[in-house]
Amino acid sequence: MAIPVKLQAFEGPLDLLLHLIDINKIDIYDIPIVTITDQYLEYVRDMGEADMNVTSEFMVMAATLLDIKCKMLLPPEKDEEGNDVDPRDELVEKLLEYKTYKYMSYALSEREKDASFNYYRERRLPKEVQEFVPPIDYDELIGTKTLLTLQNIYQDVLQRADDRVDPIRSKFGNIEKEAIDMGSKVLFVKAYLIHNPKTDFRSLLEEQKSKEEIIVTFLIMLELMKTGVIHIEQDETFGRINVSVIDTEKLKNMSIGEFTGEAERDEEQNIQETQEPLLNDGGTDGT
Amino acid sequence: MELKQAMAATEAILFAMGDSVEISDLSKALEMGDDDTGRVIAALENKYDSEDSGIRIVRLDKAVQLTTKTELYDYLIKIASAPQKPKLTDTVLETLSIIAYKQPVTKAEIEVIRGVNSDFSVDRLITYGLIQELGRKDAPGRPILFGTTEQFLRSFGVKSIADLPAPGEEKLEEFKTQAEEEADSKLGI
Amino acid sequence: MELKQAMAATEAILFAMGDSVEISDLSKALEMGDDDTGRVIAALENKYDSEDSGIRIVRLDKAVQLTTKTELYDYLIKIASAPQKPKLTDTVLETLSIIAYKQPVTKAEIEVIRGVNSDFSVDRLITYGLIQELGRKDAPGRPILFGTTEQFLRSFGVKSIADLPAPGEEKLEEFKTQAEEEADSKLGI
């Protein structure tokens, strides 16, 4: 029995089943599963090359129908109370639920038609309302700030302005922090190590004065270790740091440039870093 | 505040705002309790019932909005362009009705009822502003829960979800009864 | 058409259109002459005169428009705008202190002291009514001179500008002396 319907007419397998039940004038609670399954399968076969997604959904239902058909042939299962379980029950529930929503969608559609005859309005605030600026509550605005607060701020501002550009001091030209001469420091370390091929870090530092000098010496030692000129050993934490020259030739041939190139760049970075907070301070007016 | 003054203020607010206004916000502006605001709205509704009035109040959940009276559409259409409304296909409507009646609901739940993949319909409904994500379900994969929007209420002329025509369960019972009756008559009882 | 029906239709049209509507267009929609439309509009105006009405009709040349009643703007403001609370930030206070102690002062002078663009702070202080324009400086570009307002005096409890203790000049002198002394010592004088 051919079913003269098109795929597009159905929202899905449940829709098709409802249609079959309808045209066959079947009691939904007593679906003749054999007839319906045959008709359903015939329809799915006719679908042929339709959209694979849709087809697969129809195939799942076909499988379900066949499953029910098989169960109908077997002795009925019993539930907890010993009653026969109809293998069609689940399908019937699904069909009824689907039918309900399908019906509701028609009801909604009617509501939509009625509601579409209403016009709403766009927001249109009067200019005066849009441009309204609330009166200022000065007690709240000023809060606990006093004249003294203002005065202190003013002095701070002046002090900062003074620190930034001193109109008088600036006439003497730039006063810059004396940079450590990387080159001479390298020469010093080199000479020291040639004379003392086995020494320790502390002895090397004895003649260093400032923190900066110590840091630079430490950096030079790290570089020498990295290039395999010296070997460094420490037996325990905070213990003596033993330094031994392992490649005297390399040490002698070491040029200052290998260090100063790095050093100059380091210096530049240091300067930038110290200036940054100032720049931030002088950034754009915000908040 | 005097009732008349409150009515005028409410009308002015609803008129200027255009969009729906929460009753709680109205109460704040009017400096009165929600109950009193409710009475003001009721008084306005009563006033708009008059034959010489072209507007009315729509209640949307806990908000209210002004709109033109439905029966005056013919006059409006002569002068204004018809409001744009999305064309809802049967497929999309079917999905919408499931979301409307079962919300909050996940896509998987919709698909179980419809028996088909519903990605397209759900996407379409979000684009139309008729449904929205309500959060995520406390279930494996934490699927997104969907529900209807205020625009849905407006578009379908419903005050709130509770006001939707003939709730599902009742209708389901009705269908069952129908089916049973049919079955009975077939059996000749 | 009955007057009441025409009033309702006109109200609905004016409400939905939002903008002004030509009387001739109204007449067309109502299917009546301009004179009759005029009478309908007059009847609506009369209706909106009522105390419980929040809207009114504005006549513009040969068109009419619905708008909220001016006296109800306060309610609209309460609901439509959540204005920002004015606040004196450190930046703004800094600018205020300079203006207070150095007035009359130009924006450029403020910026020299602060080292940053101060447009925002100056604008803010004018909005707050704490500073005002005092005139223009007799200098290239004739820049605006700023000074504090009476509100400033009231808020900070000062009787007059003369009452403001002026650390500015003294401080500057101090800086100069300091710097000169240092220079002298360096030169070994």
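Model, not experiment: these values are computed from the prediction.
- The contact list for residues 27-48 of chain C toward chain A, using heavy atoms and a distance under 4.5 Å, is empty.
- Within residues 125-145 of chain C, the residues approaching chain A closer than 4.5 Å by heavy atoms are, in numerical order, C:Thr127, C:Tyr128, C:Gly129, C:Leu130.
- Annotation: residues 10-22 of chain C contacts chain A through C:Phe15, C:Ala16, C:Met17, C:Gly18, C:Asp19 [non-hydrogen atoms, separation under 4.5 Å].
- In this structure a side-chain-to-backbone donor-acceptor pair under 3.5 Å is missing from C:Lys107 to C:Val122.
- Salt bridge C:Arg154/C:Glu150: present, at least one basic N to carboxylate O contact under 4.0 Å.
- Of the possible donor and acceptor atoms, none in the side chain of C:Ser53 sits under 3.5 Å from a partner among the backbone N and O of C:Ser50.
- For the ring pair (Phe, Tyr, Trp, His ring centres under 6.0 Å) test, no residue two or more places apart in sequence or in another chain qualifies with C:Tyr75.
- Without hydrogens or angle criteria, A:Thr199 side chain to A:Asn196 main chain gives no donor-acceptor distance under 3.5 Å.
- A donor-acceptor pair under 3.5 Å is absent between the side-chain atoms of C:Ser118 and the main chain of C:Arg114, judged by distance alone.
- Minimum heavy-atom separation, A:Arg160 to C:Glu94: NH2-OE1, 2.9 Å.
- Residues C:Gln103 and C:Thr148 have side chains that bring a donor and an acceptor to within less than 3.5 angstrom of each other.
- A side-chain donor-acceptor contact under 3.5 Å links C:Glu109 to the backbone of C:Thr106.
- Relative orientation of the A:Phe201 and A:Phe218 rings is perpendicular, given thresholds of 30° and 60° on the angle between their planes.
- Proximity of a side-chain donor or acceptor of A:Thr227 to a complementary backbone N or O of A:Glu223 within less than 3.5 Å is detected.
- Proximity to chain A involves both the backbone and the side chain of C:Ser155, based on heavy atoms less than 4.5 angstrom apart.
- Here the shortest heavy-atom pairing between C:Leu88 and C:Val92 reads CD2-CG1, 3.7 Å.
- For A:Glu140 and C:Lys87, the salt-bridge test fails: no basic side-chain N is under 4.0 Å from an acidic carboxylate O.
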